[in-house]
Amino acid sequence: QQQQHQQQRSQANNNNNRMPQTAGPPINKNGDAQDISHNHLQPISSLNPYSTSWTIKARVMFKGEERTWKPTVKSPHGGKLFSVDLIDCHKSEIRATCFNDLCDVFYPILNKDHVYYISGGTIKGANKKFSSIKCDYEVTFGDSTVIQSAGDDSSIDNIGFNFIKIANLITKSKDDVVDVIGKVTGSTPLGNILIKSTQNYVEKRNVTLADDSGASVELTLWGEKAKNAPDELFLMACRGLKVSTYNTITLNSSASSHIDYNPTSDEAVAIQQYFQGGDGVMARSLTQGTGAGAVNIDPTRPVAVKVFSQIKDENLGAGTQVDVFQTRATITYFQRKKTVYYEACPKCNRKVEYSNQNAKCQSVPTSCIYSGGIVTPEKRYVLSLTASDHTDNSWLSAFDDVGKFLLGRSANDVPKKDDDERAFEDVFSAAQFQTYNMRIKAKSETHDNTTRVKCTILSAERVNYTTECEKLLHQIGAYKI
């Protein structure tokens with residue numbers, strides 16, 4: 001019987017795109033026929049850990065290779081597993097995994113693109129680290145599992161896409177799973193990288209994807225997907241990519257990601273027309289280096305969205321790198337015990353020095369026409385403040401342009417504290433507990449042999465609640481509730 005299972009499994013590996021599917025008998029854990037009820041089919045979206053007696057009808061979108069693991073303390077004899085990704089007629093998805101002896105029974109039965117009735121199994125929370133499926137749960141096949149080939153069903157899509165524009169990736173967080181479609185505008189040669197955990201080499205290729213939103217992003221393809229990618233420029237429809245927001249925005253494929261090359265969908269046609277019109281030439285990259293030169297980026301260029309807890313968690317600004325990110329935060333306090341502005345040369349903005357009650361520019365002669373001369377100084381903000389979001393708080397610095405926006409007046413118009421302390425305090429009190437979308441630069445600085453990450457507000461804008469509601473509706477829509 002074991003030899004028969006091995007022959008069936010070998011045949012299944014070569015038969016993922018076999019002849020048209022026909023219905024077959026229900027098969028249980030022993031490989032025997034067993035009745036399965038079709039009267040009360042449930043949508044995949046209704047499954048949860050409290051579901052007991054359930055049956056779904058679904059198509060296999062993806063079938064993974066059978067994998068083994070070495071003996072461990074918890075599993076002294078080692079083991080094996082394989083997974084399938086399922087989709088039903090409601091476009092709901094879930095991953096199902098089979099372990100050990102059950103692999104011999106169900107691996108030859110389940111084939112990619114085929115439709116099955118599936119009943120029984122344990123439902124638990126999905127481990128997003130190993131799955132790109134858009135579902136909070138996953139199924140583990142067990143002794144109660146029964147599977148029956150259902151014949152083809154045109155109401156169940158072969159694969160479902162829910163595309164997001166590349167420019168909107170800035171609204172996503174680390175490890176979010178997304179579908180994108182775009183034109184490959186550049187790629188690196190196929191290479192190999194050593195995976196430390198397994199000491200095995202795996203193929204890797206980076207491609208740059210751009211779409212009709214005017215943005216581009218770097219996508220890393222791994223394994224067979226890297227090897228199968230054409231060398232010439234082409235269109236790609238990608239399902240199940242993971243978002244990385246470490247320093248910058250990138251996308252990564254996984255074993256369960258699906259890629260269609262040169263698709264013919266309406267979205268693909270629109271992107272082709274966009275590039276044929278020459279509009280795609282100036283696509284803004286969401287993936288860009290974060291060295292010192294990145295500080296002078298176009299202030300309108302999309303950057304990764306972060307929360308304050310990620311400053312520490314991801315070591316933003318550590319070492320010599322400079323990280324720029326977008327966040328939404330509420331100002332909770334302005335430091336005003338120390339100076340909140342300085343007096344500057346109106347030409348070069350350098351701090352002036354007083355001599356005989358005259359303000360003089362201290363710049364070198366080649367950098368300012370007023371160097372060494374008497375000037376009428378202008379006050380410029382140098383603010384220190386705290387802001388909070390739902391994860392943490394952070395000290396931030398802000399200079400003149402941002403200070404004018406936050407406080408609603410120039411530094412010249414701030415009352416002197418010694419003349420009217422209450423009026424001085426009111427300027428800052430009125431600006432506290434206001435919420436803004438901020439672009440922040442994180443960079444390490446050293447003072448008195450102590451190094452810390454300094455965060456500076458590069459720009460700020462009031463929250464546009466119409467735009468934010470549209471983003472939230474888009475995110476809610478991704479749940480397909």
Side-chain angles (χ1 to χ4, degrees), residues 295 306-312 316-318 322-325 327-346 348-363 375-463:
V295 178
K306 304 285 186 182
V307 293
F308 281 149
S309 63
Q310 289 176 283
I311 298 174
K312 295 178 182 178
L316 300 184
V322 178
D323 292 310
V324 179
F325 61 92
T327 194
R328 183 185 307 129
T330 300
I331 294 174
T332 55
Y333 175 71
F334 284 93
Q335 170 65 264
R336 42 200 185 268
K337 292 182 180 179
K338 300 178 181 179
T339 181
V340 296
Y341 55 76
Y342 69 96
E343 293 184 313
C345 169
C348 66
N349 296 332
R350 292 285 299 272
K351 185 177 181 180
V352 299
E353 296 288 344
Y354 277 87
S355 176
N356 297 325
Q357 298 184 341
N358 293 319
K360 290 187 177 181
C361 176
Q362 299 299 305
S363 294
V375 297
T376 301
E378 292 184 354
K379 295 176 182 177
R380 295 181 62 84
Y381 286 115
V382 51
L383 301 175
S384 183
L385 57 103
T386 59
S388 300
D389 64 12
H390 63 288
T391 67
D392 205 346
N393 55 58
S394 179
W395 279 98
L396 305 174
S397 297
F399 296 104
D400 197 56
D401 289 342
V402 174
K404 289 177 180 177
F405 176 74
L406 297 180
L407 297 176
R409 67 185 69 197
S410 72
N412 291 322
D413 296 329
V414 175
K416 290 185 177 181
K417 187 174 183 179
D418 293 339
D419 295 342
D420 191 338
E421 183 173 0
R422 180 163 184 173
F424 173 84
E425 290 290 336
D426 287 346
V427 171
F428 298 94
S429 298
Q432 292 175 171
F433 303 106
Q434 302 295 317
T435 302
Y436 300 94
N437 289 327
M438 304 177 184
R439 182 179 289 249
I440 295 175
K441 176 186 72 174
K443 180 183 178 182
S444 291
E445 293 188 355
T446 301
H447 296 286
D448 298 328
N449 296 320
T450 300
T451 301
R452 66 178 184 88
V453 174
K454 181 179 181 181
C455 292
T456 303
I457 304 174
L458 301 179
S459 63
E461 62 181 8
R462 296 195 179 277
V463 177

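Numbers for residues simply follow the sequence, beginning at 1.
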Minimal non-hydrogen separation, Ala344 against Val352, with atom names = C-CG1, 3.7 Å

What pair of heavy atoms forms the shortest contact from Ile440 to Thr327, and how long is it?
-> CD1-CG2, 3.6 Å

Given side chains that start at C-beta, do those of Leu458 and Val324 come closer than 4.5 Å, heavy atoms only?
-> yes

NZ (Lys404) and CG (Asp413) are apart, to the nearest 0.5 Å, by 9.5 Å

Quick check: does any side chain N or O of Glu378 sit under 3.5 Å from a backbone N or O of Arg380, one acting as donor and the other as acceptor?
-> no

Flag, side chain of Asp400 to backbone of Tyr381, donor-acceptor distance under 3.5 Å = yes

What distance separates Asp392 CG from Ser309 OG, expressed to the nearest 0.5 Å?
-> 6.5 Å

Considering only heavy atoms from C-beta outward, does the side chain of Ser410 approach that of Tyr341 to under 4.5 Å?
-> no

Side chain to side chain donor-acceptor pair (under 3.5 Å) involving Lys417 - partner list, sequence neighbours excluded = none

Locate the shortest heavy-atom distance separating Ala460 from Leu406; write the atom from each residue and the value.
-> CB-CD2, 4.3 Å

Between NZ of Lys454 and CH2 of Trp395, what distance do you get to the nearest 0.5 Å?
-> 12.5 Å

Shortest non-hydrogen contact from Asp323 to Gly317?
-> OD2-N, 2.7 Å

Any side-chain heavy-atom pair from Ile331 and Met438 closer than 4.5 angstrom?
-> yes

Report the distance from atom SG of Cys361 to atom CD of Glu353, rounding to the nearest 0.5 Å.
-> 10.5 Å

Return yes if a side-chain donor-acceptor contact under 3.5 Å exists between Thr330 and Thr435, otherwise no.
-> yes

Distance col, row Phe428:CZ vs Leu385:CG, nearest 0.5 angstrom, shows 10.5 Å

In this structure, CZ of Arg439 is separated from CG of Asn437 (nearest 0.5 Å) by 11.0 Å

Residue pair Tyr342 / Lys379, side-chain heavy-atom distance below 4.5 Å | no

Specify the closest pair of heavy atoms between Thr451 and Ser444, including all atoms of both residues, with the distance to one decimal.
-> CG2-CB, 4.1 Å

Close side-chain approach of Val340 to Phe334, heavy-atom, < 4.5 Å | no

Could you check Ile457 against Leu396 for side-chain contact (heavy atoms from CB on, under 4.5 Å), going step by step and ending with a plain yes or no?
-> CA-CA 7 Å; Ile457 304 174; Leu396 305 174; 3.9 Å; yes

Any side-chain heavy-atom pair of Gln434 and Arg462 under 4.5 Å | yes

For the side chain of Asp389 and the backbone of Thr391, is there at least one donor-acceptor N/O pair under 3.5 Å apart?
-> yes

Looking only at side chains, do Thr456 and Ser397 share a donor and an acceptor under 3.5 Å apart?
-> no

Are any of the side-chain heavy atoms of Phe399 and Val382 separated by less than 4.5 Å?
-> yes

What pair of heavy atoms forms the shortest contact from Val307 to Gln310, and how long is it?
-> N-OE1, 2.8 Å

Taking the side chain as every heavy atom from C-beta outward, state whether Leu407 and Leu383 have any atom pair closer than 4.5 Å.
-> yes

